[in-house]
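FYI, side chains are in, hydrogens and waters are out, and symmetry mates aren't considered; it's all heavy atoms of this structure. The chains referred to below are lettered A, B, ... by the order of the sequence lines, with proteins before strands, and numbering in each begins at 1.
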Protein chains: 2
Amino acid sequence: MFKPIKNKKVYEHVIEQIQNMIIDGVLKQGDRLPSERELASQLNVSRTSIREALRSLQIIGLIESRQGEGNFIKENIDETLFEPLSIMFMFNKDKPEDILDLRIAIEVQAAYLAAKRVTEEDKKELENILKKLNKVEKEGNEKIRAKYDKEFHYKIAKITGNYFIINLLNNISSLMESFIIYAREMILKAVDDKSLLIYQHEKIYNAIITNDSEKAASYMREHLELINTHLM
Amino acid sequence: MFKPIKNKKVYEHVIEQIQNMIIDGVLKQGDRLPSERELASQLNVSRTSIREALRSLQIIGLIESRQGEGNFIKENIDETLFEPLSIMFMFNKDKPEDILDLRIAIEVQAAYLAAKRVTEEDKKELENILKKLNKVEKEGNEKIRAKYDKEFHYKIAKITGNYFIINLLNNISSLMESFIIYAREMILKAVDDKSLLIYQHEKIYNAIITNDSEKAASYMREHLELINTHLM
DNA sequence: TTCTTCTATAGGTTATACTAATATAGCATT
DNA sequence: AATGCTATATTAGTATAACCTATAGAAGAA
């Protein structure tokens, strides 16, 4: 008979409004929001509520607060996922290897899609990275080796053009580095037969440039499984 | 050469302390935090700062605020990723199909791992779901069909025991449902040859119960690619 | 016992005052 | 003309106090 009154929290309303303004294109990346006081008066709520909303938007990576300047829609939202993934990792600390399996999921699909979508320009870039990688593979410097290795995998993700894949891979890498320090270097040291790694990279590369998506995926899986077994 | 001076915001300190208490095991899932006023006095900061910290922790899904009761460490953090993924989706609205490729990434790996880790009990459960699915496939009700279809895929993710995979799949499903309403029903309607779907599900099932991870992965990919093409 | 009401305490919201960082403009020195 | 300084306005960051609202549990009434 009697209808219940509204319930939603004020700060939730504020979050919603700002999100909508972004969806509708009123606010774009890099734009500055009205000042907290102005927002408060425009929405007719207290500045505290505005701030709680802004704080939330900041944590999920949507805006950036700069004291003395204002609140801005983030240009680069590549780290959006990092915090939540870290949280999941925290509660999952018994099984850190799970993150490695997630990485395989992403990278295998990345290789598959890359083989389908690779352009001529991509092929050249990928070839360059591979050449550099093979060159330093014979020298001693682990760090440089790790750098190009990372670049190779990252480039493949880039070729897919899939924002989620690029982003997830980035975040997984960050997470791995935070928790398993120097993971990559350790892995590379653990693998005795360096030429095996070179060979695997080349197989992946060849599959991608010949648009053989199935093979690209399975070679990538083979490559990452090898690395995983050495990590355990 | 010159190092920047410290700056950290007060609420960031608060967040850090609470996170550390969780990592160190002082606070466990379901535990109640001290009241806001008590936290404020214990940490010697204002309640405003405490609240901004708590609000942030709430948004990333770490705690839950219940008015009149208190703030609690979340029991079930399955929705942790949803918000950030939505944000990414917002900025990526030109290419909604990217989420489908991410889904393939997750599910292909899920099938691969499931084939390796499946137990006898899992096999029975999966078989039951498959039987129900085949049964309703011939009847008309799309909704029930969609329900069991979803259950089949979810069970495979569950078998992996990988928290990230289960969680990501959940979130991707939510996201798909939010943005592509009734996606699953639409897909099922679009695929003329129902028996093809049955056949694909059975191939995946057989690969998993015979521990053939390679085949499980490739059949799963085939299955999802078919669905994707019908969605575009 | 069962139901209602009261009460203490929790989070939710507002208002106000102050602190700290930043950009800008204007002025002075060189 | 370039640099350095200072005052000022504007912004976010923090603190405090008061009050609103939801909840659980105690107290009381039936």
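- The distance between atom CZ of A/F72 and atom C1' of C/dA21, rounded to the nearest whole Å, is 13 Å.
- Closest approach of B/A110 to B/I165, counting heavy atoms only: CB-CG2, 4.0 Å.
- Between B/D149 and B/K132, none of the side-chain N atoms (NZ, or NE/NH1/NH2) sits under 4.0 Å from a carboxylate O, so this pair counts as no salt bridge.
- Formation of a donor-acceptor pair under 3.5 Å by the B/K135 side chain with backbone atoms of B/L130 is not found in this model.
- Using a 4.0 Å cut-off on heavy atoms, the residues of residues 42-59 of chain A that approach DNA chain C are A/V45, A/S46, A/R47, A/T48, A/S49, listed by number.
- Here D/dA15 presents its P atom at 12 Å from NE2 of B/H13, a figure rounded to the nearest Å.
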Short N/O separations, protein against nucleotides 8-11 of chain D, under 3.5 angstrom:
| from | atom 1 | to | atom 2 | distance (Å) |
| --- | --- | --- | --- | --- |
| D/dT11 | O2 | A/G68 | N | 3.4 |

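- Ring orientation note: the planes of B/H223 and B/H153 are close to parallel, at an angle under 30° on the 30°/60° scale.
- B/T160 contributes atom OG1, which lies 7.5 Å from atom CG of A/D98 (distance to the nearest 0.5 angstrom).
- B/L33 places its CG atom 9 Å from the P atom of C/dG11, with the value rounded to the nearest Å.
- A salt bridge does not link A/E127 with A/K123: every distance from a Lys NZ or Arg NE/NH1/NH2 to an Asp or Glu carboxylate oxygen is 4.0 Å or more.
- Taking B/K155 as the reference, B/D122, B/E125 meet the salt bridge (charged side-chain N to carboxylate O under 4.0 Å, His left out) condition, with sequence neighbours excluded.
- Contact between B/G161 and A/K95 at its shortest, heavy atoms only, is O-NZ, 3.0 Å.
- In this entry the distance linking CD1 of B/I15 with C1' of D/dT14 reads 15 Å, nearest Å.
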